[in-house]
Protein chains: 2
Amino acid sequence: MSTDPRVSRSRARIIEVTLDLLATRGVAGTSVDSIAERSGVAKTTIYRHWSTKGEVILAAIDTCIDTPAAPDLGSLRADLRALIGGLCEALAHSRWAALLPSLLDAALRDPEFAEVHQRFAATRTEPVRRALERGIERGELPADTDPGELVDLLSGAVFYRRLLAGESVDRAYGERIVERVLRAYGSH
Amino acid sequence: MSTDPRVSRSRARIIEVTLDLLATRGVAGTSVDSIAERSGVAKTTIYRHWSTKGEVILAAIDTCIDTPAAPDLGSLRADLRALIGGLCEALAHSRWAALLPSLLDAALRDPEFAEVHQRFAATRTEPVRRALERGIERGELPADTDPGELVDLLSGAVFYRRLLAGESVDRAYGERIVERVLRAYGSH
DNA sequence: TCCCTTCACTACGATACCGTAGCGTAGCGA
DNA sequence: TCGCTACGCTACGGTATCGTAGTGAAGGGA
């Protein structure tokens, strides 16, 4: 009952090429024909595995979700430096970052894409939220701190710089942002 | 040498409908045929005014650029509250906000769209930068303050909340962010 | 009034794309 | 070895889209 190696090979090639095309041409610019051509997998085979273009693309994007390493390092500062620094690196190098603008756009008009984006965002935000709550419990942050606002400030700066301003971000930048934001909450 | 009223009428209708379509269907989903159909202006007429679909869309987007009111209110806090509050309102209600994700995506692959987005971003950030420089001169901010970092934090939080998290932003939220960020720079 | 511009309309040609059908082949597992 | 499954290939039908051509009507300015 194990999977036919031909199946997994086809699927892998299709997903791989689809991700490449998504990164360079975006969701709207990625066609099934181009996936077939670039992957060497016949178009009919693609439709044997997924019944619709949208499903292929969603399946490909789904493979990009990477849970950020979220260790409990014992202090809010250390946790945030690790998390936001990691976010910067992901935004600079990961596949997800390359197709994020396209995903964002698609999510506006298609609930299925919206759901995938939602899942991405949650995966990224959740560890930050947990670190913040630990910080509140430890007294590193005021008890009435709004975690959402902090997430907006931390993640926002990084995303803004990368997506809106079009500049690069690295771990050092992320750590600078963490230091600055912590100061706004009285953490020294 | 004044313009034929028929010309300006056609142009206005085309731009108007194009903006509507861009907001609902995005850049990729907006076709010349649909613009013609919805506007009542013949497709041939559209091509009399612009030689390419891309030019029509760029012309439409161009009309969305609105320079934010940038008064010198005498204090950094007042200036930022006005500017970031205005940004929140623009993100919540303006046409530009509705087509921003699509523009962002298009800018990744087309230098013409990138240039338009660049102009948008500059129009928005420039007044903030100037307010920050005035704040540094007045001593409301440390002399070695990096204005870019502040812009990232202020605008970033707002954009992140609206575009990435998909929640709404209003003037009150913007002002909260301003207060929080100012605290990080020792302004009380 | 009269001429010139702009317009709407229909009809194209060309291309790209989606999703399907049929057929013969090659690889997998028993 | 042998049957079954997945595959590649070619060829469709249907639709959407871009951009162009030609014609006749309507609106604007002198």
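FYI, side chains are in, hydrogens and waters are out, and symmetry mates aren't considered; it's all heavy atoms of this structure. Keep in mind that this is a model prediction, so the values were computed, not measured. Chain identifiers are assigned alphabetically (A, B, ...) following the order of the sequence lines, protein sequences preceding nucleic acid strands; residue numbering begins at 1 within each chain.
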Rounded to whole Å, how long is the line connecting atom OH of A:Tyr47 with atom C1' of D:dG13? 14 Å
Quick check with a 6.0 Å cut-off and a 45 degree axis cone: is B:Arg180 positioned over the face of A:Tyr185's six-membered ring? yes
Among C:dG29, D:dT5, C:dC7, the nucleotide that comes nearest once only the side chain of A:Pro5 is considered: C:dG29
From D:dG8, D:dC7, D:dG28, pick the nucleotide closest to the side chain of A:His49? D:dC7
Taking atom C1' of D:dG28 as reference, at what distance in whole Å does atom CZ of B:Arg9 sit? 12 Å
Nearest to the side chain of A:Asp33 - C:dC17, D:dA6, C:dC7? C:dC17
Between C:dC18, D:dG8, C:dC7, which one does the side chain of A:Arg48 approach most closely? D:dG8
With DNA chain D as reference, determine whether A:Ser8 or B:Ser51 sits nearer its 5' end, using the nearest nucleotide of each. A:Ser8
Answer yes when B:Asp79 and B:Arg130 have at least one side-chain N-carboxylate O distance shorter than 4.0 Å, and no when they do not. no
Under 4.0 Å between a Lys/Arg side-chain N and an Asp/Glu carboxylate O for B:Arg77 and B:Glu179? yes
Look at the side chain of A:Lys43 and decide which nucleotide, out of D:dG22, C:dG19, C:dC7, has an atom nearest to it. C:dG19
Checking contacts here: which listed nucleotide (C:dT6, C:dC9, D:dA6) is nearest the side-chain heavy atoms of A:Val7? D:dA6
What's the closest nucleotide to the side chain of A:Thr44 if the choices are C:dC7, C:dT20, D:dC18? C:dT20
In whole Å, I'd like the distance from the CD1 atom of B:Ile46 to the C1' atom of C:dC7. 12 Å
Ignoring backbone atoms, test whether B:Thr52 places a side-chain nitrogen or oxygen under 4.0 Å from the OP1 or OP2 oxygen of D:dG19. yes
Residue B:Ser31, side-chain atoms from C-beta onward, closest of C:dA8, D:dT17, C:dT20: D:dT17
Specify the residue among B:Val32 and A:Asp4 whose closest nucleotide of DNA chain D lies further upstream toward the 5′ end. A:Asp4
Which distance, rounded to the nearest 0.5 Å, do you find between the CG of B:Asp66 and the CZ of B:Phe120? 7.5 Å
Counting just side-chain N and O atoms, does B:Ser10 come under 4.0 Å of either OP1 or OP2 of C:dC7? yes
When rounded to whole Å, the CD to C1' distance for the pair B:Glu37 and C:dT10 reads 15 Å
Indicate yes or no: does A:Arg129 engage A:Asp146 in a salt bridge with an N to O separation below 4.0 Å. no
In whole angstroms, the gap separating C1' of C:dC18 from CD of A:Glu55 amounts to 14 Å
When you measure only distances, ignoring hydrogens and angles, does the side chain of B:Arg6 come within 3.5 Å of the base of C:dT5 through a donor and an acceptor? yes
Round to a whole Å and report the spacing from CD1 of A:Ile35 to C1' of C:dC18. 12 Å
